[in-house]
Amino acid sequence: MWKEKLGNYLIDISKYLLTGVFVTSLVKDMGDFKWLVYISSALISALTLILGLILTNNKDKKS
């Protein structure tokens, strides 16, 4: 049960991170660090999304 809750939390963090970076880039000029911010936020968002999807996977493994 806690794995599913943590997985949902990580998926939400992934969405909020991408949305925050996108909205911030529309409002504020990031200057020379724009691509670094985009790449790092995309990598962190992808990592949290993957971890969240792994934790919310409810497949019953039958041996």
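No hydrogens, no waters, no symmetry mates; every other heavy atom, side chains included, goes into these values.
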Rounded distance (nearest 0.5 Å) linking atom CG of L51 with atom CD1 of I11: 10.0 Å
Interatomic spacing from CG in N8 to CG in L55 - rounded to 0.5 Å: 9.5 Å
Side-chain touch L43/I39, heavy atoms, less than 4.5 angstrom: yes
CA sep, side-chain torsions, deciding dist, call: N57, L53, side chain to side chain contact (heavy atoms under 4.5 Å, CB included): CA-CA 6 Å; N57 189 5; L53 291 174; over 6 Å; no
Shortest non-hydrogen separation from G20 to T24 and the atoms involved: O-OG1, 2.6 Å
Heavy-atom check, side chain of K15 versus side chain of D12, under 4.5 Å: yes
Heavy-atom pair of closest approach, residues S45 and L17: N-CD2, 3.7 Å
Rounded distance (nearest 0.5 Å) linking atom CG of L18 with atom CD1 of I44: 10.5 Å
Single-linkage hydrophobic cluster I50~Y9, side-chain heavy atoms < 4.5 angstrom: no
Donor-acceptor contact below 3.5 Å, side chain S14 vs main chain L10: no
